[in-house]
Every structure is written in C-alpha cells, then in structure tokens.
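Each remark here refers to the structure printed beneath this line.
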Amino acid sequence: MPALPHTEQPDTRHPELDRYDSEALVHAFVDDQFEAVRAVQAAAPALARAVDAALPRIQAGGRLLYVGAGTSGRLGLLDSVELYPTFSWPPERAKSLLAGGPPALYRAVEGAEDDADMGASDLHSLKPTPQDVVLCIAASGATPYVMGALHAARAIGSLTLGFANNEGAPVAEQADVGVTLNTGPEVISGSTRLKAGTAQKIALNTFSSSLMVKLHKVYGNLMVDVKATNAKLRRRSVALTVTATGRSEAEAAAAVDAAGGSVKCAILMLRHGVDAHGAAQALARVDGSLRKALGE
C-alpha cells in the first residue's frame, strides 16, 4: 500500500481530538493555522519567481487561468473573481476551472477530480495561448484533473504554476514554477480544507496581489484602480482620492464623478489640474502607471 501524502497522515499531537472540550478544540484548530503562515513564508522565494515569470505574459495580454478540485478549485475561483472589484481586472482575463464544473461549487462531484482527460479538455475549452498563466492547485499535488490540465497547458506553451501542500509533489515539480506549501498533517487527518486550504488562500492572494502591484494597479499602497460601481466603492474611491491628493472630500468626490469613477484619473486631475480626458490620455501613455503619470 503506498504511503499517504504528508497532508493526509494522522497528526500525532491530537490522537484523542474527539475527547477535547470546546475550548481545547478551538485552540487546536486555531493554533494549527499558524503552520499555514509559516509554510507560505518558506515558499516566498518561489512565489516571487512565479510573479516575475507571469508578469511579461500578462503584460502581453495573457490571462490567469486557475485549475483545481474541491477546496483547491473553490479557492482558485475565489481568487479569480475578486480581482475585478479590487483591481478592475477584466473578468475575461481571470478564468477558473473546477473539477465537476459549477455544481461542484456546492456539492462534491464524485470521481471528477480523478479524470485527467477532463482536466485537459476543460482547459482546451478556454482556448489557452502561450501568453496565458495557468495556476494548477492541488493539496495532494497529484490530483489527476489538475495534472491533465497542467500537461495540456505545457503542451501549448502556457506558463504553468504548480501549488501543492506536499514536498516532491508532481504538480509542483512538473510545472514551470512550483510553489510547495508544506503544511503537514491536519488536526483532522486528511481534511485539507483546514490549514492546507489556508496556505493556498494566502499564497494565491499573495501571488495575484503582487502581480497587480507590478501591473500599476496600486499607487503607494492604495488600490487606485478600483472603480466606483456602487455606494460603498464610491465612498472608498473618494477616501482614496483624498488620501492621495490632500484635497477636500467635496473636491475628491467631484473629481471621481467627473472621471467616471476612475480613482487614478481623479488623482491625476487634482494633482496636475487636467480634465478627465487629459488624465486618461496621460495614463495610457505610461501603461496605466499613476506614479509615472505624476512624474514621480
């Protein structure tokens, strides 16, 4: 019988977990989450390599394509859909594939993760190109659905990033850049929705956010590419504009409205005294870099 992956081995610290009282249970689960943070810290150099490898592909018009099964797939989907409200990243340039399709969001689709051919087929349905970046996510590191997509992506020439929670995992070793999040056994044996999932969430957030900073979606540490599409985001957009310009809330609000909700344009309008059209043109000349448009 093959040895279980590290993530599925029993945690020797908690052999009588079912006897714990509520406070002890909570401490066991919460304390174990710190291992997720440490695992991502150890993987920081690999994450940096992933960002640097992905940047030129994305700058050339590529997309971020996330692939996973179960918890890993749902976390990939979450990262992909949150890029638009945070960074105004076009939804058509962040797609996700989940083994079993949309129904698997709510209920496990038996056997879907074991189908490597389906992983390849689903990836091909997105018509990947060499400019695309394919994020292959699997706690075990060997999920057939994910591996099928990885091999298909490599054959096309897309950049592949492999995220796994076990050392020596195929998805990390066979990807162009492997990111190993060595979280070890779970408090509940094999339940990788726990700290393995937490580590994946941190790693994906870190990767995509770092990439967006490199793509000029941030000025200082302000998310200036947010679009004011609802009341909450309008308030946030006005506050960001006030912070970046030092102008009054009324002036910032007027600029945001005149700029059609674009915080970058509003800041440039107030700092350089140009109109919305002039601000948009200035940003276009420097690939959307607010710092360059401001001459900093």
Side-chain donor/acceptor of [X] to backbone N/O of [Y], under 3.5 Å:
| X | Y | result |
| --- | --- | --- |
| Glu8 | Pro5 | no |
| Ser125 | Asp122 | yes |
| Ser96 | Gly76 | no |
| Thr180 | Asn182 | no |
| Asn166 | Ala139 | yes |
| Arg13 | Ala28 | no |
| Ser121 | Asp117 | no |
| Ser289 | Lys292 | yes |

Any idea which heavy atoms bring [X] and [Y] closest together, and the distance?
| X | Y | value |
| --- | --- | --- |
| Val133 | Ala54 | CG2-CB, 3.9 Å |
| Ala279 | Met269 | CB-CG, 3.9 Å |
| Thr192 | Glu186 | CA-OE2, 3.6 Å |
| Arg74 | Ala104 | NH2-O, 2.8 Å |
| Ala94 | Ser80 | CB-O, 3.8 Å |
| Val146 | Gly68 | CG2-CA, 3.8 Å |

Stepwise side-chain contact (heavy atoms from CB on, under 4.5 Å) check, Tyr145 with Val67:
CA-CA 8 Å; Tyr145 178 87; Val67 184; 3.7 Å; yes
For Leu17 and Ile188, what are the C-alpha separation, side-chain angles and deciding distance, and is it a side-chain contact (heavy atoms from CB on, under 4.5 Å)?
CA-CA 8 Å; Leu17 186 73; Ile188 297 177; 3.8 Å; yes
Neighbour count above 12 (heavy atom, 6.0 Å) for [X] [atom1]:
| X | atom1 | value |
| --- | --- | --- |
| Glu249 | CD | no |
| His272 | NE2 | yes |
| Glu167 | CD | no |
| Phe34 | CZ | no |
| Tyr84 | OH | no |
| Arg93 | CZ | yes |
| Glu92 | CD | yes |

Treat each ILVMFWY residue as a node, draw an edge where side-chain heavy atoms are under 4.5 Å apart, and state whether [X] and [Y] are in one component.
| X | Y | result |
| --- | --- | --- |
| Leu126 | Ile156 | no |
| Val177 | Ile58 | yes |
| Leu215 | Leu83 | yes |
| Met147 | Leu159 | no |
| Val187 | Ile202 | no |

[X] side, atom [atom1]; [Y] side, atom [atom2] - distance, nearest 0.5 Å:
| X | Y | atom1 | atom2 | value |
| --- | --- | --- | --- | --- |
| Gln281 | Asp275 | CD | CG | 8.5 Å |
| Leu211 | Thr206 | CG | OG1 | 12.5 Å |
| His216 | Leu290 | NE2 | CG | 10.5 Å |
| Arg49 | Asp176 | CZ | CG | 12.5 Å |
| Leu204 | Leu135 | CG | CG | 6.5 Å |
| Leu64 | Asp79 | CG | CG | 8.5 Å |

Given side chains that start at C-beta, do those of [X] and [Y] come closer than 4.5 Å, heavy atoms only?
| X | Y | result |
| --- | --- | --- |
| Met212 | Met223 | no |
| Leu47 | Ser210 | no |
| Lys217 | Trp89 | yes |
| Leu161 | Val179 | no |
| Val256 | Leu240 | no |
| Leu294 | Leu268 | yes |
| Leu98 | Leu77 | no |
| Pro128 | Leu65 | yes |

Do you see a donor-acceptor pair shorter than 3.5 Å between the side chains of Gln200 and Ser72?
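On atom types as modelled, these side chains qualify, holding a pair under 3.5 Å.
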Candidates Thr7, Asp32, Asn165 - the one meeting side-chain hydrogen bond (donor to acceptor under 3.5 Å, both in side chains) with Lys195:
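It is Asp32, the one option of Thr7, Asp32, Asn165 that forms the side-chain hydrogen bond (donor to acceptor under 3.5 Å, both in side chains) with Lys195.
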Taking Asp132 as the fixed residue, which of Lys95, Arg154, Arg63 is the one that meets the salt bridge (charged side-chain N to carboxylate O under 4.0 Å, His left out) rule?
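Result for salt bridge (charged side-chain N to carboxylate O under 4.0 Å, His left out) with Asp132: Arg63.
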Can you check side-chain contact (heavy atoms from CB on, under 4.5 Å) on Gln33 and Val37, steps first, answer last?
CA-CA 7 Å; Gln33 293 292 328; Val37 177; over 6 Å; no
Suppose we call two aromatic rings close when their centres sit under 6.0 Å apart. Are His27 and Tyr20 close by that rule?
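No, the ring centres sit 6.0 Å or more apart.
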Any chance you could lay out the side-chain contact (heavy atoms from CB on, under 4.5 Å) test for Leu78 and Lys201, step after step, and finish with the verdict?
CA-CA 9 Å; Leu78 180 63; Lys201 178 71 165 64; 3.3 Å; yes
